[in-house]
Amino acid sequence: MSDRDNPRSLVEIMNDVLSTVREHYDSEYVYYIEKEYEDIDVIYEWCAENVPWQRDKIKMLPKDQRPRWMEQEITDTTEDSYSVFRRLDENTVAILAAVGVHRGGCEVDLLRSVLAYLPEAITLQKLQKQQEYLSYHDKLTGLYNRNSFVSYTTDINPDELNSLGAVSVDINGLKNFNKEFGRDYGDEVVIRVGEVLEEYFHTANVYRMTGDEYLVLVENITYEEFMKQVHGTYTKLDNISLGLASLGCAWEKIDIDVDALVLSAENMMREEKKKYYKNLRKGHHEPIIKQDLLEDIEEGRFIVCLVPKIDVETGNVAGAEAVVRYHHKDLGIMEPGRYINLLEETRLSHYLDLYVFEEVCKTLHRWELDNLPMIPVSVNFAGTTLRQDNLIKEMEKLIDRYRVRCEYLEVEVSESYADMNQEMLAETSSKIRKANVRVILDHFGSKNSSFSILSLMEFDGLKLDKSVISNLVGNRRSRLVAKAVIDICRQLGAVVMASGVETQDQVNVLEELGCDYAQGSFFNKAITIETFEVRYLKE
């Protein structure tokens, strides 16, 4: 790289200038100093070989102990030190001094000539440094800017990373802050959000991408630690002001693609933002909804029902899926979509999911006490539930409380979550399995699923989506795909079940293909736990 491509620093330039002055006067030291009032703001020093540096000592000297050359010009060439002064403004004076001169009889013309040049050169260098800084940093917050992000993506080698996490954050309603409280208040909000991100992601690169949007990139972090920082950030922002910001995140450790990872986090953030404004328009208030939800759970308005899973070969019940129905005090039983979507939009699904999980634990414990046949029961968890940093601890608490044998507990997860990428889903599923709870990959074959998840994620069972099953009888391609998935699962040690089964013909084809289990309207709809026990366990 040429010198033109690699500009010299101000320190290098000053060292060259001062060393030239020192050689000319054969002095022990040369100093360039700028004093504002009596405080030393700038000091550069160059000294002869084998002479100790005095810069810090000189800077710390009280006024009454400073050498004479700092307090007045010395132009008498019979002295052992020379100094010349130049007033830069009303309060600031620049000093250039040769101290401990050994070459007598020298004139001070060189000092005066150099002093005329140095302040302007220093000012120019400072301006260039400031311009360079602002090219890669946000002026308001001091965070990295979009130019820095582009530079990062250009220079980074993903193969050298163990993992990469991305967090996209957008302030909700910044224009309203500016309009209602003034731009200065809006700027304070922008700065505060940046400070929170730096506080919780102190080893990461934090970027202010636009006026109200931020991006965080954190390298070589475990998924558990990453999500802990994400939850800490979200909680802190919500504590500052409820709904202050929308947040999306993504994490990868295999085949890291920075642009794709960032896009995934940004897409999730935009989905969260849509939910925020949708709830705002509808007048949904999360604290009120949360309070109503907890009251409804406590008062038993959410009824846990079971959908049977049937062994395709024998026709016997082999398991069940727990679903929930809401019994409104005035309207009676309501369609799940009317409340499940609301809970997902307000990020409250985990309260209901863990309630269902607890009810399943209670049921399994009671079955064992009553000597009823034990079968696995699965619970569906929403994406927001899987992202809870204390989820595994809460599950383990319930398992211990009811002394449940984990072989009968299953959690169904899906690729369809908008708030989790494949590797995040794989990491969370791995944690659930380490807690000895079986994991079922749900909705496989739907629009949002892909074969790549089979290699990324460990699972105990796979559920074919009803869209695959509906075409099974009359579509040869659907049968080939289903057969391929079943064969792969066999080799992976996972069972396969079919959802949405409606006819005997579908059951027959599934048996031919080697599918293990099936569920759907052909067998039974969701029924209460008591009815399920009478129909399937007490025969």
Side-chain angles (χ1 to χ4, degrees), residues 293-311 314-329 332-334 336 339-340 343 349-382 385 388 390-413 432-440 442 460-461 463 495 497 499 516-520 523-539:
L293 171 66
L294 296 179
E295 285 180 2
D296 284 342
I297 289 174
E298 189 173 340
E299 293 173 12
R301 295 200 184 110
F302 285 100
I303 303 167
V304 176
C305 298
L306 297 179
V307 178
K309 295 178 181 178
I310 303 299
D311 186 308
T314 66
N316 296 326
V317 67
E321 176 185 352
V323 295
V324 67
R325 297 292 180 260
Y326 178 48
H327 190 278
H328 192 276
K329 57 185 177 181
I333 298 293
M334 294 178 61
Y339 54 88
I340 296 296
L343 294 181
S349 298
H350 62 282
Y351 290 103
L352 184 56
D353 287 348
L354 284 172
Y355 165 72
V356 175
F357 187 81
E358 181 172 9
E359 289 299 300
V360 168
C361 288
K362 286 182 185 178
T363 299
L364 288 170
H365 178 62
R366 183 170 53 78
W367 286 355
E368 189 164 18
L369 291 178
D370 293 345
N371 290 318
L372 291 174
M374 298 297 293
I375 58 173
V377 181
S378 63
V379 179
N380 286 281
F381 278 176
T385 302
Q388 294 295 311
N390 63 342
L391 173 64
I392 307 302
K393 289 181 180 178
E394 292 296 321
M395 290 173 61
E396 289 176 334
K397 252 194 257 181
L398 293 171
I399 291 169
D400 291 341
R401 182 184 304 167
Y402 297 103
R403 301 188 296 280
V404 181
R405 290 156 63 184
C406 291
E407 62 198 89
Y408 298 113
L409 276 173
E410 298 177 341
V411 170
E412 297 192 10
V413 302
I432 294 172
R433 295 181 81 245
K434 285 177 181 175
N436 294 318
V437 176
R438 291 159 53 86
V439 171
I440 308 298
D442 196 8
D460 302 284
K463 186 183 288 188
V495 298
M497 59 196 75
S499 61
D516 299 291
Y517 309 113
Q519 67 180 97
F523 304 106
N524 214 328
K525 61 181 181 179
I527 52 180
T528 64
I529 294 175
E530 292 77 12
T531 304
F532 184 92
E533 291 171 358
V534 170
R535 188 165 300 179
Y536 295 104
L537 303 182
K538 295 181 179 179
E539 296 178 345

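Only a predicted model underlies this, so the values are computations on that prediction, with no experimental measurement involved.
Scanning for side-chain contact (heavy atoms from CB on, under 4.5 Å) contacts around Asp370 gives Arg366, Leu372, with sequence neighbours left out. For the side chain to side chain donor-acceptor pair (under 3.5 Å) test, residues two or more places apart in sequence or in another chain that qualify with Glu368 are Arg405. Listed by chain and number, the residues in a salt bridge (Lys or Arg N to Asp or Glu O under 4.0 Å) with Lys393 amount to none (sequence neighbours excluded). In this structure, Arg403 has no salt bridge (Lys or Arg N to Asp or Glu O under 4.0 Å) partners at least two apart in sequence or on a different chain. Partners of Glu396 by salt bridge (Lys or Arg N to Asp or Glu O under 4.0 Å), not counting sequence neighbours: none found. In terms of the side chain to side chain donor-acceptor pair (under 3.5 Å) criterion, residue partners of Glu359 (sequence neighbours excluded) are, by chain and number, Lys362. Under the side-chain contact (heavy atoms from CB on, under 4.5 Å) criterion, Ala318 pairs with Asp311, Tyr517, sequence neighbours left out. Applying the ring pair (Phe, Tyr, Trp, His ring centres under 6.0 Å) test to Phe532 and every residue at least two apart in sequence or in another chain returns Tyr536. Annotation: side chain to side chain donor-acceptor pair (under 3.5 Å) contacts of Asp442 (sequence neighbours excluded): none. Every side-chain contact (heavy atoms from CB on, under 4.5 Å) that Asn316 has, sequence neighbours left out, goes to Thr314. Remark: Glu410 pairs with Lys309, Arg438 by the salt bridge (Lys or Arg N to Asp or Glu O under 4.0 Å) rule, at least two apart or across chains.
Here the CZ-CG distance, from Phe357 to Leu398, works out to 6.5 Å after rounding to the nearest 0.5 Å. Expressed to the nearest 0.5 Å, how far CG of Asn524 lies from SG of Cys305 amounts to 11.0 Å. The distance from atom CD of Gln388 to atom CD of Glu394, rounded to the nearest 0.5 Å, is 9.0 Å. To the nearest 0.5 Å, atoms CZ (Arg325) and CZ (Phe302) are separated by 12.0 Å.
Scanning both residues, Pro373 and Trp367, for their nearest heavy atoms gives O-CE3, 4.2 Å. The minimum heavy-atom distance linking Leu391 with Leu354 is given by the pair CD1-CD2, 4.0 Å. Contact detail for Leu306 and Ala322: the closest heavy-atom pair is CD2-CA, 3.9 Å. The shortest heavy-atom contact between Asp353 and Ala382 is OD2-N, 2.9 Å.
Contact of the Val317 side chain with the Phe523 side chain is not registered, since no non-hydrogen atoms from C-beta on lie closer than 4.5 Å. In this structure, Glu407 and Met374 have side chains that are not in contact, with every pair of non-hydrogen atoms separated by 4.5 Å or more. Residues Val377 and Leu364 form a side-chain contact, since some pair of their non-hydrogen atoms from C-beta on lies under 4.5 Å apart. The shortest side-chain heavy-atom distance between Ile399 and Val437 falls under the 4.5 Å cut-off. Taking the side chain as every heavy atom from C-beta outward, Ile303 and Ile529 never approach each other to under 4.5 Å. By the 4.5 Å heavy-atom criterion applied to side chains, Lys463 and Gln519 are counted as neighbours. Annotation: side chain of Val411 is in contact with side chain of Met395 (closest heavy-atom distance under 4.5 Å). Taking the side chain as every heavy atom from C-beta outward, Ile392 and Ile432 approach each other to under 4.5 Å.
Between the side chain of Asp516 and the backbone N or O of Met497 there is no donor-acceptor pair closer than 3.5 Å.
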- Can you check side chain to side chain contact (heavy atoms under 4.5 Å, CB included) on His365 and Leu369, steps first, answer last? CA-CA 6 Å; His365 178 62; Leu369 291 178; 3.5 Å; yes
- Task: Please step through side chain to side chain contact (heavy atoms under 4.5 Å, CB included) for the pair Val360 and Tyr408, ending with a clear verdict.
- Result: CA-CA 10 Å; Val360 168; Tyr408 298 113; over 6 Å; no
